[in-house]
Protein chains: 2
Amino acid sequence: MKKYTIKDIAQLAGVSKGTVDRVLHKRGKVSEIALEKVTKILNEIEYKPNPIAKNLKINKIYKLAVILPDAQKDSYWEPCSGAIKEVENEFQHFGIEINKFVFDASETSSFLETSLNVITTKPDAILMVPLFQKEAKEIVTKCNINNIKVSVFNNYIDSNYSNNFIGQDLYQSGRVAAKLMDMVLKKGTIGIVHIDEDYQNATHLQEKEKGFRSYFNSLNTLDYDITTIHLNYKKSESFNNSLLSFLDKNPNINGIFVTISKSYVVVEALKERASDIAIVGYDLVKKNIDYLKQGEIDFLIHQKPKQQVYMGLSYLAEYFLFDKEIPSQLLLPLDIVTSENVDGYLM
Amino acid sequence: MKKYTIKDIAQLAGVSKGTVDRVLHKRGKVSEIALEKVTKILNEIEYKPNPIAKNLKINKIYKLAVILPDAQKDSYWEPCSGAIKEVENEFQHFGIEINKFVFDASETSSFLETSLNVITTKPDAILMVPLFQKEAKEIVTKCNINNIKVSVFNNYIDSNYSNNFIGQDLYQSGRVAAKLMDMVLKKGTIGIVHIDEDYQNATHLQEKEKGFRSYFNSLNTLDYDITTIHLNYKKSESFNNSLLSFLDKNPNINGIFVTISKSYVVVEALKERASDIAIVGYDLVKKNIDYLKQGEIDFLIHQKPKQQVYMGLSYLAEYFLFDKEIPSQLLLPLDIVTSENVDGYLM
DNA sequence: TTGTAGGCGTTATCAG
DNA sequence: CTGATAACGCCTACAA
């Protein structure tokens with residue numbers, strides 16, 4: 001199981017290294033007879049180019065760009081910066097450069113503007129959150145024209161558009177939430193709380209709700225009653241009022257499933273009255289963690305934004321450097337987080 | 001933020017590349033004055049050697065050996081083979097060769113024999129499961145003498161002996177189990193079932209029990225009653241009898257915490273009588289998964305043997321190839337697995 | 001169409 | 001003690 005080099009092949013085929021290289025890369029300008037000799041050898045042995053040597057010479061710096069919502073406005077995105085730094089560190093010797101660009105997730109125009117701006121920096125690849133489907137598709141099309149590779153994470157986009165999605169199965173994550181609720185409650189009335197911030201794509205939350213309901217439907221029981229409510233969160237006061245009036249209308253509710261990372265605002269609203277309501281939500285943002293540890297939140301499902309970025313960038317780097325294939329879809333496991341295992345997830 | 005090379009440093013210091021190399025590698029044979037000039041430059045800039053070039057030159061094949069229990073006898077170890085293949089694939093171009101060696105986990109002598117055998121193959125590093133502390137230490141000492149790097153996974157070993165442990169915080173994992181039990185039961189009588197197979201090191205299971213009990217102690221409540229039992233599993237018949245007689249003596253038990261991967265034998269024993277006992281256990285072995293999906297097991301904690309091997313080998317490979325530091329301890333998150341998220345963990 | 005020469009950054013060797 | 005030089009495997013350019 002010898003490791004063959006171009007030199008070896010050249011020797012075996014009785015030609016020069018240059019000719020072998022031309023055959024390997026199909027650059028043409030090779031006589032039939034030489035081509036035959038070389039391909040014969042190539043079929044006999046298993047040649048794999050040494051990716052290290054390739055890179056040493058090329059000496060090109062690959063530019064990767066990450067486009068994601070501003071973590072200042074939604075701390076869900078905060079851990080992503082860490083992932084960017086880690087990947088940058090890991091691959092900087094190999095000639096990988098990563099730049100981060102943020103947009104205001106409440107403004108479609110901000111996304112579009114930022115993305116167009118990124119394209120002008122001529123990166124080799126873009127890793128982005130396609131929060132706004134229509135605009136994202138526009139950007140992807142532009143990237144294709146400019147020969148920029150695109151990966152998306154966190155939010156799904158038409159497979160015609162992305163070569164590579166990294167995220168979670170949202171439907172299934174709804175089912176996980178349902179299962180947890182079931183384990184804790186055994187029976188009762190459950191409220192599904194969507195906290196829309198306009199910008200969030202509706203499909204995102206709907207998938208979770210569908211999964212959640214499908215679990216209880218498949219139980220085939222009358223033990224549960226499920227109601228959905230859409231709320232807005234602009235000011236805490238009006239939010240609290242809306243939520244509490246929802247609870248007044250549904251006084252038996254003993255479980256709430258919060259479909260985005262804002263479980264903590266529900267906890268804070270509930271503080272205004274004594275209650276023993278189980279809460280299942282999403283994401284390890286600071287306030288959620290605090291309430292989880294205090295026992296106010298029962299379970300959180302971890303959407304792992306950091307790992308998503310880490311994986312997405314690693315794939316791109318290894319694609320450029322080592323010709324690795326990028327899987328078209330990577331669904332990360334749905335981690336269930338409680339007060340007792342949360343620390344292990346905060347790296 | 002320029003990338004400096006040895007050539008650059010040589011130029012800046014007004015010496016030759018050779019001298020810089022000698023300073024960098026502390027080979028001596030450098031005049032005080034040259035040493036000073038070079039170190040001065042080195043302090044001013046941030047030089048990081050290019051691992052690619054180094055590897056290209058060295059062109060050595062690094063041999064890694066993995067020593068672990070036979071998966072034929074305990075399927076817990078099955079996924080490890082997959083990890084070995086993956087890492088091998090990923091790094092084979094870079095000159096990494098991995099060999100797997102298994103031992104019979106029920107025989108101390110088998111471990112010792114296998115390990116000694118491995119040492120004669122002169123690997124550059126060994127990744128092993130130090131199931132038997134005393135013998136493992138002996139092996140580590142031998143490795144040190146032979147300049148073989150050692151990493152351990154799954155089971156902890158004295159930090160004097162290993163440079164590198166990959167596994168989980170067992171105490172905390174006991175607490176996680178307790179938390180889950182608490183969520184499901186609210187109150188009641190709980191049995192902790194240790195299924196010793198002699199070979200398993202007692203400390204392993206004791207840590208889990210300690211964590212489990214500590215959680216309930218910190219609740220400061222009288223709602224729970226906890227009893228421990230040690231069982232042997234040689235034949236299912238005698239095991240079932242022992243377990244059932246334990247239940248007869250403790251008729252109120254409504255939760256069982258199984259501290260190793262054999263939850264399924266408990267499920268099978270319980271089948272002999274109608275019962276509604278919550279079960280929390282460990283590990284995604286085939287039968288456990290089946291019972292989890294059928295609702296016979298409530299929660300499993302995933303000890304991730306595959307990831308442990310994957311991480312352990314990756315670290316070693318990157319240590320040799322790219323001079324990466326190996327963290328002295330990597331504690332993997334404690335994944336909570338239910339019927340709804342189990343598929344995501346079976347890669 | 002082909003072969004050869006040179007260079008990427010590092011290391012090892014050898015002559016000075 | 002030091003500096004020049006060759007080599008690792010691949011790719012590009014240029015000369016034949």
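In what follows, every heavy atom counts, from backbone to side chain, and hydrogens, waters and symmetry copies are set aside. Every chain is numbered from 1 and lettered A, B, ... according to where its sequence line falls, protein lines coming before strand lines.
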Peer 1: Checking A/Tyr62 now: which residues fulfil side chain to side chain donor-acceptor pair (under 3.5 Å) with it, not counting sequence neighbours?
Peer 2: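 Counting only residues at least two positions away or on another chain, A/Tyr62 forms no side chain to side chain donor-acceptor pair (under 3.5 Å).
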Peer 1: Which donor-acceptor pairs under 3.5 Å do side chains of residues 323-330 of chain A form with protein atoms, sequence neighbours excluded?
Peer 2:
unit_1   : atom_1 : unit_2   : atom_2 : d
A/Asp323 : OD2    : A/Lys54  : NZ     : 2.8
A/Lys324 : NZ     : A/Glu318 : OE1    : 3.1

Peer 1: Going by side chain to side chain donor-acceptor pair (under 3.5 Å), name the residues that satisfy it together with A/Glu135, two or more places apart in sequence or in a different chain.
Peer 2: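 By the side chain to side chain donor-acceptor pair (under 3.5 Å) rule, A/Glu135 matches no residue at all.
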Peer 1: Do A/Met128 and A/Phe103 touch side chain to side chain, with heavy atoms closer than 4.5 Å?
Peer 2: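 No. Closest side-chain heavy atoms not under 4.5 Å.
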Peer 1: Kindly write out the residues that satisfy side chain to side chain donor-acceptor pair (under 3.5 Å) with B/Asn55, not counting sequence neighbours, or none if the list is empty.
Peer 2: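 None.
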Peer 1: Does anyone know the first and last nucleotide of DNA chain C in reach of chain A, 5' to 3', at under 4.0 angstrom to a heavy atom?
Peer 2: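 Contacts span C/dT1 to C/dG9, reading 5' to 3'.
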Peer 1: I want to confirm an ordering. Mapping A/Lys54 and A/Lys7 to their closest nucleotides on DNA chain D, which one lands closer to the 5' end?
Peer 2: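 The residue mapped nearer the 5' terminus is A/Lys7.
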Peer 1: Establish, yes or no, whether a centroid distance under 6.0 Å links the rings of A/Tyr315 and A/Phe153.
Peer 2: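 Aromatic pair excluded; centres sit 6.0 Å or further apart.
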Peer 1: Return yes when atom CG of A/Asn147 has more than 12 non-hydrogen atoms of other residues, nucleotides or ligands closer than 6.0 Å, and no otherwise.
Peer 2: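 Atom CG in A/Asn147 is not packed in, count stays at 12 or less.
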Peer 1: How many angstroms lie between atom CD of B/Glu97 and atom CG of B/Asp124, to the nearest 0.5 angstrom?
Peer 2: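 The distance works out to 9.5 Å.
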Peer 1: Could you check which residues of residues 14-22 of chain A get a heavy atom under 4.0 Å from DNA chain C? Sort them by number, please.
Peer 2: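 Correct list: A/Val15, A/Ser16, A/Gly18, A/Thr19, A/Arg22.
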Peer 1: Heavy atoms within less than 4.0 Å of DNA chain C: which residues of residues 26-34 of chain A have one? Give them sorted by number.
Peer 2: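 DNA chain C contact set from residues 26-34 of chain A: A/Lys29, A/Val30, A/Ser31, A/Ala34.
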Peer 1: Between B/Lys40 and B/Glu36, is the closest basic N to carboxylate O distance under 4.0 Å?
Peer 2: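 Answer for the salt bridge query: no.
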Peer 1: Taking the six-membered ring for Trp, are B/Phe91 and B/Phe320 closer than 6.0 Å centroid to centroid?
Peer 2: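 When the ring centroids of B/Phe91 and B/Phe320 are compared, they turn out to be at least 6.0 Å apart.
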Peer 1: A side-chain contact here means heavy atoms from C-beta on lying under 4.5 Å apart; do A/Cys143 and A/Ile119 qualify?
Peer 2: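 In short, these two side chains touch, coming nearer than 4.5 Å.
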Peer 1: Would you mind classifying the nucleic acid contact of B/Lys57 as base, sugar-phosphate or nothing, using non-hydrogen atoms under 4.0 angstrom?
Peer 2: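 Here B/Lys57 touches the bases of the nucleic acid.
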Peer 1: Hey, would you say the B/Tyr156 and B/Phe165 ring centroids sit under 6.0 Å apart?
Peer 2: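 Centroid distance B/Tyr156-B/Phe165: below 6.0 Å, so yes.
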Peer 1: Let me know which of B/Leu127, B/Val309, B/Val129 forms a side chain to side chain contact (heavy atoms under 4.5 Å, CB included) with B/Cys80.
Peer 2: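 Of B/Leu127, B/Val309, B/Val129, side chain to side chain contact (heavy atoms under 4.5 Å, CB included) with B/Cys80 is met by B/Val309 alone.
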Peer 1: At 10 degrees resolution, what angle do the end axes of the helix from C/dT1-D/dA16 to C/dG16-D/dC1 form when each is taken over five base pairs?
Peer 2: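 If I round to tens, the end axes sit 60° apart.
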Peer 1: Please indicate whether B/Lys137 has more than 12 foreign heavy atoms, meaning atoms of other residues, nucleotides or ligands, lying under 6.0 Å from its NZ.
Peer 2: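 Count over threshold, so yes.
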Peer 1: Between B/Tyr319 and B/Asn164, is a side chain to side chain donor-acceptor pair (under 3.5 Å) present by the stated rule, with each step listed?
Peer 2: CA-CA 12 Å; B/Tyr319 167 80; B/Asn164 175 18; over 6 Å; no
Peer 1: Taking only residues two or more places apart in sequence, or in another chain, which ones meet A/Glu86 in a side chain to side chain donor-acceptor pair (under 3.5 Å)?
Peer 2: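 Listed in chain order: A/Lys306.
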Peer 1: Under 3.5 Å, which donor-acceptor pairs link side chains of residues 110-118 of chain A to any protein atom two or more places apart or in another chain?
Peer 2:
unit_1   : atom_1 : unit_2   : atom_2 : d
A/Ser110 : OG     : A/Asp104 : N      : 2.7
A/Thr114 : OG1    : A/Ser110 : O      : 2.6
A/Ser115 : OG     : A/Phe111 : O      : 2.7

Peer 1: What's B/Leu56 touching, base or sugar-phosphate or nothing? Going by heavy atoms closer than 4.0 Å.
Peer 2: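 Base contact.
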Peer 1: Under 4.0 Å, heavy atom to any atom of DNA chain D: which of residues 314-323 of chain B qualify?
Peer 2: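 Contacts with DNA chain D under 4.0 Å: none.
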Peer 1: Check step by step if side chain to side chain donor-acceptor pair (under 3.5 Å) holds for B/Asn144 and B/Thr141.
Peer 2: CA-CA 5 Å; B/Asn144 288 339; B/Thr141 310; 5.5 Å; no
Peer 1: I'd like the 5' and 3' limits of the part of DNA chain D contacted by chain B, with heavy-atom contacts below 4.0 Å.
Peer 2: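 Nucleotide range with atoms under 4.0 Å of chain B: D/dC1 to D/dG9.
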